[in-house]
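Since the structure comes first, as structure tokens, the remarks are kept for the end.
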Amino acid sequence: MSIHTILETKVKVAARSIFDAELPSVEFQPTRKDFEGDITVVVFPMLRVLKGNPVQIGEQLGAYLKDEVAEVSGYNVVKGFLNLVISDSFYLDFFNGIKDLSDFGLVKESAKDAIMVEYSSPNTNKPLHLGHIRNNLLGYSVAEILKASGKKVYKAQIINDRGIHICKSMLAWQRFGNGETPESTGLKGDKLVGNYYVAFDKAYKEEIAQMMADGVEEKVAVKEAPILLEAQEMLQKWETGDKEVVSLWKKMNGWVYKGFEETYKNMGVDFDKLYYESNTYLLGKDFVADGLKRGVFYKKDDGSVWIDLTDEGLDEKIVLRSDGTAVYMTQDIGTAIQRVKDYPDINGMVYTVGNEQDYHFKVLFLILKKLGFSWAEQLHHLSYGMVDLPSGKMKSREGTVVDADDLMVDMTATARELSEELGKLEEYSHEEKQVLYKMVGLGALKYYLLKVDPKKRILFNPEESVDFQGNTGPFIQYTYARIQSILRKAKDTNVDLSTPLEATEELHPKEKELIKQLQIFPETIQLAAAHYSPALIANYVYDLVKEFNSFYQQISILGETNEKQKVLRVQLSKKVSEVIESGFRLLGIDVPERM
RNA sequence: GGUGGCAUAGCUCAGCUGGAUAGAGCACCUGCCUUCUAAGCAGGCGGUCCUAGGUUCGAAUCCUAGUGCCAUCACCA
């Protein structure tokens, strides 16, 4: 039973016996650092039921609790706040209970209630950039957090492998490529294909300029540039299954997938299931037809099918073109349903997609509800803010993107420079150092992107790069490494960790604070899962680490002469490092033995 | 114009269902490495919580209106 539950019951009993009044609820908060105590009962809300002076009420309740509740060892009242001192033995007991749990804070997966988390879902015409990194890290992390909160999770992505965008790259390659391949150029496949996407845009713009010079109106030129018409023709050929086009499409997408795989591997993300738009883009029409029959949709005179969402404060939205072809929405309806067919235990989905598509998902979810799917109640758009540069939006066609691979390499290089400057790694081999540099560089990047509330936009300044000090990934990794160093020394000096921790020991305030912070790890995971927010985990781990560093700097751990006290401190350090590790695992960040 | 999101220290961000004197990091200034890793610790400086009303014993937090920035409102994806 949690301490809050115990206290709530007792406070109610106290109110009954002292004031003969029934409290509907009791409000707690952690006691502020500048007051004595651990848990604070807020008296003000009780005034609705108990008439009187809040300070006096606080005093009376405090005295009662101190006498009647074993866990309460003291109290003081400031204004309407009753600060309770919780006994050391309570915290020690708690710590004893968790110190040997390898999965502290994590909830075992329950068989039912699977949830699919979609993230990444790139187009196949260009390499991944910083925006994709945020998407991938968020999706991956939320998936891990949901798992840790007890859900079964399938990670999925839908690869946008067809459409005009890839035809543009294909056409440009055909025209200007001279048979180039990743092998012949030494370029990563996604980079190579991306280059042709840019080449297409360049040629396209030149044609427009030429046409305008020849007196064609811009509006017309934009639509009728020959190279664009040719790309559209290519798309039609693709749709009819033209052998040559399909084979080129397969070849170039194959290059891209290989490139993506490498990027994903470096980023440390993975998927349980891959969907390809080329397989799913025709899905959904049947359900539109069905919904039409049932009056969910309606048909306009020109044959196009719509849904009227004006009652919900939204607009009318098209779900099928007049020529009977699917729009994006049609596909998304079909794909959602397909996923539940593929995984019947799914009861909910999370879509990690930028906030520019907020409206789309609002509509999609509403449609699925109106179509009557039970799981439609459990859909969530994990909407996140854009990553912008000081110069504004990233635009791949204009070359103003921060490339994902380049950025990871840069971060690793920065970590190496810093590390070499500090020179603490004599014992490491060359290979071990490389692994560490990457771990720290990526740790900095991942933490930087994940510690911010997902819905806020991030301004990324490549000039200033990412910090390695303060509230950063490396700071936390460093703390972890320091603890590992202590644990190694404890082992070398034969500190017997099996020595039982006794409730008779008096806790140092720093020890107590650490235990309090450990205590809220499980609820933090649940909160982060409920809010789909890795930022909550990041902030929690940061607070824990700050608390630990203060502890570490102020009191001696291995130098402690009282053996029992020493064991407690080593145990505490060990547990803190384990929680750092599991917290960081939820963010997809690794932790080092040394740094 | 309609809709949605955001606005907190010079900069980057926390602030859970309303609670005490609004917290961190960076930057700047002071101290601390013969003692467990100084990527650290301790302290200082720094605030009209966008503005104006309202609800409340109590508002950065909730409500209304306004301002600014961003997104969105296509038979595009």
Side-chain angles (χ1 to χ4, degrees), chain A residues 25 27 29 31-35 40 42-45 47-48 54 78-81 83 123 160 163-165 277 300 302-306 313-315 317-329 331-332 354-360 362-363 383 385-386 388 393 415 418-419 421-422 424-425 440 444 448 451-453 455-459 461 464 467-479 481-490 493 520 523-524 527 530-531 535-536 538-539 542-543 545-546 549-560 569-570 573 594-595:
Chain A
S25 66
E27 193 178 328
Q29 56 182 275
T31 304
R32 289 175 64 105
K33 289 255 160 73
D34 28 349
F35 297 100
T40 295
V42 190
V43 180
F44 297 110
L47 299 180
R48 289 176 225 282
V78 181
K79 295 187 197 169
F81 298 91
N83 302 319
N123 288 352
N160 207 339
I164 191 72
H165 54 83
E277 211 204 23
K300 286 196 176 172
D302 62 5
S304 56
V305 181
W306 297 71
L314 303 175
D315 300 322
K317 188 84 189 172
I318 191 161
V319 291
L320 206 60
R321 291 196 186 98
S322 52
D323 62 4
T325 56
V327 291
Y328 191 45
M329 190 62 75
Q331 292 177 43
D332 270 5
N355 62 11
E356 69 228 338
Q357 293 194 34
D358 283 357
Y359 184 73
H360 174 79
K362 231 179 244 178
V363 172
S383 163
M386 296 290 102
D388 290 329
K393 250 189 158 173
L418 257 166
S419 180
E421 230 168 82
L422 295 168
K424 297 183 188 174
L425 296 171
V440 174
Y448 179 81
K451 76 169 179 189
V452 183
D453 186 295
K455 65 174 181 273
K456 294 200 173 172
R457 90 179 187 135
I458 292 180
L459 193 70
N461 191 339
E464 292 171 10
D467 265 332
F468 282 66
Q469 278 168 7
N471 187 358
T472 67
F475 165 73
I476 291 164
Q477 290 172 319
Y478 175 70
T479 304
R482 283 212 296 205
I483 297 176
Q484 296 319 298
S485 171
I486 289 174
L487 296 181
R488 281 191 297 271
K489 288 199 170 129
T493 53
I520 60 174
E523 57 198 77
T524 303
L527 197 67
H531 287 81
L536 296 177
N539 287 325
Y542 176 62
D543 287 339
V545 160
K546 248 195 324 184
N549 280 330
S550 178
F551 161 86
Y552 173 91
Q553 214 93 16
Q554 279 187 37
I555 60 181
S556 186
I557 298 168
L558 295 172
E560 172 60 48
R569 289 176 186 174
V570 173
S573 306
R594 301 168 205 272
M595 74 182 267

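Since the model is a prediction, treat every value here as computed from it, not as a measurement. So you know, we letter chains A, B, ... as the sequences are listed, proteins then strands, and number each from 1.
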- [ ] Measure distances between side-chain N and O atoms of D315(A) and base N and O atoms of A74(B), and say whether any donor-acceptor pair falls under 3.5 Å.
- [x] no
Open item on the list: Taking only the P atom of each, what is the distance from G25(B) to G66(B) in whole angstrom?
Closed with: 40 Å
Open item on the list: Using the P atom as the point on both nucleotides, what is the distance between U56(B) and C63(B), in whole Å?
Closed with: 16 Å
- [ ] Give a yes/no answer on whether the side chain of S383(A) brings an N or O atom under 4.0 Å of OP1 or OP2 in G5(B).
- [x] no
Task: Candidate nucleotides A7(B), U37(B), A77(B), ranked by approach to the side chain of Y328(A) - the nearest - done: A77(B)
- [ ] From the options G19(B), G23(B), C36(B), select the nucleotide whose nearest atom is closest to the side chain of R32(A).
- [x] G23(B)
Task: Base-pairing assignment for C62(B) (Watson-Crick or G-U wobble, both under 3.5 Å) - done: G54(B)
Open item on the list: Applying the Watson-Crick and G-U wobble criteria at under 3.5 Å, what pairs with U34(B)? Answer none if nothing qualifies.
Closed with: none
- [ ] Consider the side chain of V452(A), meaning its heavy atoms from C-beta on, and name the nucleotide among A14(B), G25(B), C41(B) that approaches it most closely.
- [x] A14(B)
Open item on the list: As a test of reading the structure: which of C73(B), U37(B), G40(B) is closest to the side chain of N549(A), going by heavy atoms?
Closed with: G40(B)
Open item on the list: Starting the side chain at C-beta, find the nucleotide from C26(B), U37(B), A20(B) nearest to D467(A).
Closed with: C26(B)
Task: C1' spacing across the pair G54(B) / G43(B), given as an integer number of angstrom - done: 42 Å
- [ ] Please name the pair of heavy atoms, one in N355(A) and one in K455(A), separated by the smallest distance, quoted to 0.1 Å.
- [x] ND2-O, 4.4 Å
Open item on the list: Rounding to an integer number of Å, can you tell me how far I476(A) CD1 sits from G25(B) C1'?
Closed with: 11 Å
Open item on the list: Counting only side-chain nitrogens and oxygens, does K451(A) get under 4.0 Å of the OP1 or OP2 atom of U12(B)?
Closed with: no
Open item on the list: Can you give me the closest heavy-atom contact between P45(A) and E27(A), atom names plus distance?
Closed with: CG-OE1, 3.6 Å
Open item on the list: Could you walk me through whether S383(A) and D358(A) satisfy the side-chain hydrogen bond (donor to acceptor under 3.5 Å, both in side chains) test, starting with their C-alpha distance in whole Å, then the side-chain angles of each, then the deciding distance to 0.1 Å, before giving a yes or no?
Closed with: CA-CA 7 Å; S383(A) 163; D358(A) 283 357; 2.8 Å; yes
Task: Evaluation steps, side-chain hydrogen bond (donor to acceptor under 3.5 Å, both in side chains), between R482(A) and N549(A) - done: CA-CA 10 Å; R482(A) 283 212 296 205; N549(A) 280 330; 2.8 Å; yes
- [ ] Give a yes/no answer on whether the side chain of R321(A) brings an N or O atom under 4.0 Å of OP1 or OP2 in A74(B).
- [x] no
Open item on the list: The side chain of T40(A) is closest to which nucleotide in this list: A71(B), A20(B), G4(B)?
Closed with: A20(B)
Task: Phosphate-side-chain proximity, K546(A) and G23(B), N/O vs OP1/OP2 below 4.0 Å - done: no
Open item on the list: Give me the distance, rounded to whole Å, that separates A14(B) from U72(B) when you measure between the C1' atoms they each carry.
Closed with: 29 Å
Check nucleotides 57-62 of chain B for protein N or O atoms closer than 3.5 Å to its own N or O atoms and list the pairs.
from	atom 1	to	atom 2	distance (Å)
C57(B)	N4	R48(A)	NH2	3.0

- [ ] Report the distance from atom CZ of R594(A) to atom P of C36(B), rounded to the nearest whole Å.
- [x] 15 Å
Task: Stacked pair F81(A)-A20(B), distance under 5.5 Å, angle under 30° - done: yes
Task: Minimum-distance nucleotide to Y542(A) side chain [options: G25(B), G40(B), C36(B)] - done: G25(B)
Task: Atom P, compared across U61(B) and G15(B): separation rounded to whole Å - done: 15 Å
Task: Nearest-Å distance once atom C1' is located in both C45(B) and C26(B) - done: 14 Å
TODO: Specify the residue among T31(A) and K489(A) whose closest nucleotide of RNA chain B lies further upstream toward the 5′ end.
DONE: T31(A)
Open item on the list: Looking at G46(B), which nucleotide sits across from it as a Watson-Crick or G-U wobble partner, both distances under 3.5 angstrom, or is there none?
Closed with: none
Open item on the list: Under 3.5 Å for both donor-acceptor distances, Watson-Crick or wobble: does G4(B) have a partner, and if so which one?
Closed with: C70(B)
TODO: Would you mind telling me which residue lines up with the more 5' stretch of RNA chain B, E277(A) or T472(A), judged by nearest nucleotide?
DONE: T472(A)
TODO: For nucleotides U67(B) and A52(B), find the distance between their C1' atoms and express it as a whole number of Å.
DONE: 11 Å
Open item on the list: Can you identify which nucleotide, out of A71(B), C41(B), G4(B), has its nearest atom closest to the D358(A) side chain?
Closed with: G4(B)
Task: Separation of the C1' atoms in C13(B) and C6(B), to the nearest angstrom - done: 14 Å
Task: Selection from C36(B), A77(B), C41(B) that lies nearest to any side-chain heavy atom of F475(A) - done: C41(B)
TODO: Could you state the atom-to-atom distance from CG of L459(A) to C1' of A7(B) in whole Å?
DONE: 15 Å
Task: S485(A) side chain near U37(B) phosphate (N/O to OP1/OP2, under 4.0 Å) - done: yes
- [ ] Report yes if at least one side-chain N or O of R482(A) is closer than 4.0 Å to OP1 or OP2 of A38(B); otherwise report no.
- [x] yes
- [ ] Please determine, for the side chain of K455(A), which listed nucleotide (G25(B), C6(B), G40(B)) has the closest atom?
- [x] C6(B)
